[in-house]
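Have a look at the structure below before the remarks.
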Amino acid sequence: MHLDLVKFCANAFNSKNEEELVAAFRALSNLPFVKESNLNESAKALDFTKLEAAFNLHFVGPERPIIATNAGFYFENSDVLFSATTLKFRDFYRSVGLFSSEENRVPDDFVGIALEVYYALLYAEFEKKNEFLKSERAEFFVSMLKPFLKFLCAEILFKAQSKEVMFLRECLLCIVNDS
């Protein structure tokens, strides 16, 4: 598993401004495995001057985003932000001792939070050699995160209007396919 890939994808979705978003995409495009893979051409084609506008159009707003970033939209086919799926994600986070600093402001099934939690679990397991939550991490990935990312990547494929968003999709697919 490419820990930095998960971290920088989370950083992109959790970015609060253009500087953070560009930093996340630059970090993604400079990952060694990206440079050595078919992602390298996509990374070279990124236009950082258009990144924020493209990202916001697809995922943030100010109008209704083109692509939903909450698992409940895909699992429940619902536009409700704080859905049963949100609570399922929250319950999982709490079961492993994690809490979102954005609780009740950003739904717990938001892709940025889900990737951040997954990164924390991977980091503990692979960098700190703490396998205490290995089975929980694996179950979260298989039953919640992977299906969510598959739905999200399919939605991006059908609706994306920029090479920057397609590059992010390719990075998310690497997470889905890497385990």
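Side chains included, hydrogens not; waters and symmetry mates left out as well; all remaining heavy atoms used. Each residue takes its place number in the sequence, starting with 1. From a predicted model like this one, the values you see are computed outputs, not experimental measurements.
- Using a 4.0 Å cut-off between charged nitrogen and carboxylate oxygen, K146 and D178 do not count as a salt-bridge pair.
- Counting all heavy atoms, side chain and backbone alike, A54 lies closest to S162 at CB-OG, 3.5 Å.
- K35 has its side chain within reach of N30: a pair of non-hydrogen atoms, C-beta onward, lies under 4.5 Å apart.
- Remark: R169 CZ to I67 CD1 distance equals 10.0 Å, nearest 0.5 Å.
- The OG1 atom of T85 sits 13.0 Å away from atom CZ of R90, with the distance rounded to the nearest 0.5 Å.
- When side chains are defined from C-beta on, N70 counts as touching L81, because their heavy atoms get closer than 4.5 Å.
- For the pair H58 (side chain) and Q161 (backbone), a donor-acceptor distance under 3.5 Å is present.
- When every heavy atom of L98 is checked against every heavy atom of V117, the shortest pair comes out as CD1-CG1, 3.8 Å.
- In this structure, L21 and E52 approach most closely via the heavy-atom pair CD2-CA, 3.7 Å.
- Linking ILVMFWY side-chain heavy atoms closer than 4.5 Å, directly or via other members, places V106 and L87 in two distinct hydrophobic clusters.
- When each of V111, L149, L172 is checked for a side-chain contact (heavy atoms from CB on, under 4.5 Å) with C9, only L172 meets the rule.
- Distance alone, capped at 3.5 Å, is enough to place a donor-acceptor pair between the Y93 side chain and the D108 backbone.
- F73 and F82 end up in different hydrophobic clusters when Ile, Leu, Val, Met, Phe, Trp and Tyr side chains are linked at under 4.5 Å.
- Under a hydrophobic-cluster definition in which Ile, Leu, Val, Met, Phe, Trp and Tyr are linked whenever side-chain heavy atoms come within less than 4.5 Å, directly or via other members, L173 and L157 are assigned to different clusters.
- Between F92 and the choices F140, Y118, F141, the ring pair (Phe, Tyr, Trp, His ring centres under 6.0 Å) rule is met once, by F140.
- When side chains are defined from C-beta on, F8 does not count as touching F25, because their heavy atoms never get closer than 4.5 Å.
- Cluster annotation: V165 is connected to F48 through the hydrophobic network of ILVMFWY side chains, with a link wherever side-chain heavy atoms come within less than 4.5 Å.
- Taking CG of N130 as the reference point, atom CG of L121 lies at 10.0 Å (rounded to 0.5 Å).
- A distance of 9.0 Å separates CZ of F89 from OG of S83, quoted to the nearest 0.5 Å.
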Item to check | side-chain contact (heavy atoms from CB on, under 4.5 Å) between F59 and L168, worked out | outcome: CA-CA 12 Å; F59 303 115; L168 184 57; 4.1 Å; yes
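- Considering all non-hydrogen atoms of both residues, A160 and M166 come closest at CB-SD, 3.5 Å.
- At a threshold of 4.0 Å, the pair K50-E164 does not count as salt-bridged, since none of the basic side-chain nitrogens sits closer than that to a carboxylate oxygen.
- Considering CG of L51 and NZ of K163, their distance stands at 11.0 Å, rounded to 0.5 Å.
- You'll find the ring centres of F55 and F13 inside the 6.0 Å limit.
- Residues E20 and N14 fail the side-chain proximity criterion, which asks for heavy atoms closer than 4.5 Å.
- Between L28 and N11, the closest side-chain pair of non-hydrogen atoms is not below 4.5 Å.
- Enclosure of atom CG in D91 by more than 12 non-hydrogen atoms of other residues, nucleotides or ligands within 6.0 angstrom is indicated.
- Of all heavy-atom pairs spanning P107 and I113, the tightest one is O-CD1, 3.6 Å.
- With rounding to the nearest 0.5 Å, the separation of CZ in F167 from CD1 in I156 is 12.5 Å.
- Put simply, the side chain of Y74 never gets that close to the backbone of P147: no donor and acceptor are under 3.5 Å apart.
- In the hydrophobic cluster analysis, where Ile, Leu, Val, Met, Phe, Trp and Tyr join through side-chain heavy atoms closer than 4.5 angstrom, L145 is grouped together with F126.
- A donor and an acceptor atom, one from each side chain of T86 and D109, are located under 3.5 Å apart.
- Under the 3.5 Å distance criterion, the side-chain polar atoms of E136 are left unmatched by any main-chain donor or acceptor of V96.
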